[in-house]
There are 2 protein chains.
Amino acid sequence: MSEFNPHEATFDRLLQVAAEVFAEVGFRDATVREICTRANVNVASVNYYFRSKDALYVQALSFAFQEVNRHYPKDHFLDQTIAPEQKLARFIDDLLMKLLDDSQLGCFNKLILREIYEPTKALDEILLTCIMPQLTQLEDILQQLLGEKTDKLTVQRSMWSILGQCLPFLHSRSIIDRLYPELIANPLAIQATAQHITQFSLQALKQFKTLPSGDTDA
Amino acid sequence: MSEFNPHEATFDRLLQVAAEVFAEVGFRDATVREICTRANVNVASVNYYFRSKDALYVQALSFAFQEVNRHYPKDHFLDQTIAPEQKLARFIDDLLMKLLDDSQLGCFNKLILREIYEPTKALDEILLTCIMPQLTQLEDILQQLLGEKTDKLTVQRSMWSILGQCLPFLHSRSIIDRLYPELIANPLAIQATAQHITQFSLQALKQFKTLPSGDTDA
DNA sequence: ACTCGCTTTAAACACTTGTTTGAAATGAGT
DNA sequence: ACTCATTTCAAACAAGTGTTTAAAGCGAGT
């Protein structure tokens, strides 16, 4: 994944490789020796620079968040000129791309996923810095789309309805790859799937609207 | 979870306890010694009865499936007198209850979830015996609901839209418990959430119908 | 009472793991 | 050229792992 660069300080190389390895096999299955070998670094370096494997994990996590947030800026949803329906479509598109990203960044996603799946003490920080911003962003879009008078609980449930439709492409990849590969075979298929989710959701959301504005239709 | 019963053969006790422990901490973090201690059994028993820890895991998995399938019979969806909308509502209700089941059976669910999340060689068998039946059941309901002329891909995508809405309550429990506990605070709340998913989906599905039958409305 | 197959047991084995250690290498400041 | 703090290294350590072993216990059939 990340080719060996001798000019990168061993500290940074360790962090980078650790994130990758932890993402691939999880905290427990990741061995210090494997990480050090891949980083072309002596075994003792982990304890020298990070005190322990646990501490390395925590640092690797927050490093991964920084990277993800750096590559996926989230400010382009504040634009009030774009219709909320459009924003929702964009949100779903972006999310699906992110979840199916198998590159460098994808491994950071996997890392976060692991943390959700079996939380360590680091989860609380992740929730605050990584998950919550995404959730409130979607919540805002939905509140705009449905109208201010739609109650919070309905908005939240709808938010999970939409998130839920996207998430299987991250956490049930093993099933989808085996039984429904056509859904994500190529970028076009992914976009079609995203479009389905958008259509599905927009139609569903109509029933919860409390706004009179009836000029936004397919 | 399962209190020690001296009259139960050690073989059965091992299987039972192994399923619990594997579900709790995963294959790698589960130690043979922990399993044996909980089962009031000598360490060597695992290798005596099951040849290896790996083999024990596989057997524990298929044992878990048998138990789950025994407790959740799936034949009451063949009844042709029930409207497909009703069937969908029932399906979602059942699934949500299952996914949120924290009892004895819940641990079997966790076991299966783990297998989906990080597949071992055992996944293929699980897909066949445990996952596929559920999926095709939902697929059938949807095909009935949408009409025979709706294409398979749309049906499959819709199936994942519905499944996806339910699955977060299993695999993102850590987030929901922390940020949205009201959604599943008690049986009533769970039912309300299930009802939301049903309404959301039925409204969404309308746009994909290819059947003329227009007498099924909210 | 004795045998013989099955089961249980404590101890040991072989291996991997995270971590520590103390010496060697490195390199900037003088 | 020397110093000294920082970094790297091979080797060893201590603890935990799955597995094996060989002896002891047990229980029905004769």
What nucleic acid atoms does A:Phe50 come within less than 4.0 Å of, heavy atoms only: base, sugar-phosphate, or nothing? nothing

Using a 4.0 Å heavy-atom cut-off, does A:Tyr49 contact any base of the nucleic acid, only the sugar-phosphate backbone, or nothing at all? sugar-phosphate

Taking the basic N atoms (NZ, or NE/NH1/NH2) and the acidic carboxylate oxygens, is any pair closer than 4.0 Å for B:Asp140 and B:Lys87? no

B:Glu182 and A:Arg157 ion-paired at < 4.0 Å: no

Students should find that the nucleotides of DNA chain D closing off the region near chain A, any atom under 4.0 angstrom from a heavy atom, are D:dT6 to D:dA12

Checking the side chain of B:Lys53 only, and the main-chain atoms of B:Ala30 only, is there a donor and an acceptor separated by less than 3.5 Å? yes

Less than 3.5 Å apart, which donor and acceptor atoms pair up between the side chains of residues 55-64 of chain A and the rest of the protein, not counting sequence neighbours?
| unit_1 | atom_1 | unit_2 | atom_2 | d |
| --- | --- | --- | --- | --- |
| A:Tyr57 | OH | A:Glu115 | OE1 | 2.7 |
| A:Ser62 | OG | A:Gln59 | O | 3.2 |

Residues at least two apart in sequence or cross-chain that pass side chain to side chain donor-acceptor pair (under 3.5 Å) with A:Asp101, listed by chain then number, are A:Tyr72, A:Ser103

Heavy-atom neighbours of B:Arg178 CZ exceed 12 at 6.0 Å: yes

Going 5' to 3' along nucleotides 12-22 of chain C, which nucleotides have protein heavy atoms under 4.0 Å from the base (write B), which only from the sugar-phosphate (write S), and which from neither (write -)? B----BBBBB-

Let me check something: any side-chain donor-acceptor pairs from residues 166-177 of chain B under 3.5 Å, sequence neighbours excluded? List them with distances.
| unit_1 | atom_1 | unit_2 | atom_2 | d |
| --- | --- | --- | --- | --- |
| B:His171 | ND1 | A:His171 | NE2 | 3.0 |
| B:His171 | ND1 | B:Leu167 | O | 3.0 |
| B:His171 | NE2 | A:His171 | ND1 | 3.0 |
| B:His171 | NE2 | A:His171 | NE2 | 3.3 |
| B:Arg173 | NE | B:Asp177 | OD1 | 3.2 |
| B:Arg173 | NE | B:Asp177 | OD2 | 3.4 |
| B:Ser174 | OG | A:Ile116 | O | 2.7 |

For B:Tyr49, the ring-ring contact (aromatic ring centres under 6.0 Å, His included) test, sequence neighbours excluded, returns B:Phe11

